[in-house]
S.K.: 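Sharing a structure, written as structure tokens. Questions coming.
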Amino acid sequence: MKTVLSTLLLFIGISLFAQKQAPFQLIELPYPTNAFGPVISSQTIELHHGKHLKGYVDNLNKLVAGTAYENMSLEEIVASSEGALFNNAGQTLNHNLYFTQLSPNARNVPEGPLADAINKQWGSFSKFKEAFLKACGGVFGSGWVWLAKDKNGDLQIVPEANAGNPITKGMTPLMGLDVWEHAYYIDYQNRRADHLNSIWNVIDWSVVEKRY
Ligand code: MN
């Protein structure tokens, strides 16, 4: 009887250990995958979120397991790591910011203090957009372009290669566009600029303002 009981307790212990939640979870999308019509197809969203982002999250969990990084926030890991860990943590953070700034009911223009700061820095929202798209065009290969707030509270357009995030430069990322081919190739093939022009229709500036 004693043996049966201790065996049972051992199994309960093992299963609790096995079920210990990984430190990082794939975010749930706050909209259905077909929310964006022709701007971003449901196939692109399904692959981008369910395969690409899931892959980064799974790799990140494997890389942090049993290390000091296990108890750090995503932002702390991105700011303090390099190599494969930086790449997977960076891409997890980048995509969390990317997917949550999109909405089928997007308010397409900033308001309030962020709108004032954009107008002060670039003259108008349309001039800011023009400068941002120019920066996107300047990224050779895979990467991101960010609107970020620097240490002085000023806004900057920050192009980054691969998994880059302006957190590594002491800045706060506010809005980021993914210029990796996986973000648009099914819908736009080689027409990256067309994708980058149309995505502004689904960027919700009410989300971006909260990050400012
Ligand atoms: Mn991506």
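Both counts, for ligands and for their atoms, begin at 1 and track the order of listing. Because only heavy atoms are used, hydrogens play no part in the values below, and waters and symmetry mates are left out as well, while side chains stay in.
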S.K.: For H48, enumerate each residue passing the ring pair (Phe, Tyr, Trp, His ring centres under 6.0 Å) test, keeping only those at least two apart in sequence or located in another chain.
M.R.: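 With sequence neighbours excluded, H48 shows a ring pair (Phe, Tyr, Trp, His ring centres under 6.0 Å) to H95, Y98, F99, H182, given in chain and number order.
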S.K.: Return the number of protein N, O or S atoms with a distance to the Mn ion (ligand 1) smaller than 2.8 Å.
M.R.: 4
S.K.: Working to the nearest 0.5 Å, report the span between CD1 of I199 and CD1 of I40.
M.R.: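 If we round to the nearest 0.5 Å, I199:CD1 and I40:CD1 are 4.0 Å apart.
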S.K.: I'd like to check I203 versus L102 (side-chain heavy atoms, cut-off strictly below 4.5 Å). Are they in contact?
M.R.: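 I203 reaches L102 side chain to side chain.
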S.K.: What distance separates W180 CH2 from R192 CZ, expressed to the nearest 0.5 Å?
M.R.: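 So the gap between those two atoms works out to 12.5 Å.
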S.K.: Which heavy-atom pair separates L97 from P173 by the least distance, and what is that distance?
M.R.: CD1-CG, 3.7 Å
S.K.: Kindly compute the distance separating CD (Q91) from CG (L74), expressed to the nearest 0.5 Å.
M.R.: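 With rounding to 0.5 Å, CD (Q91) is 11.0 Å from CG (L74).
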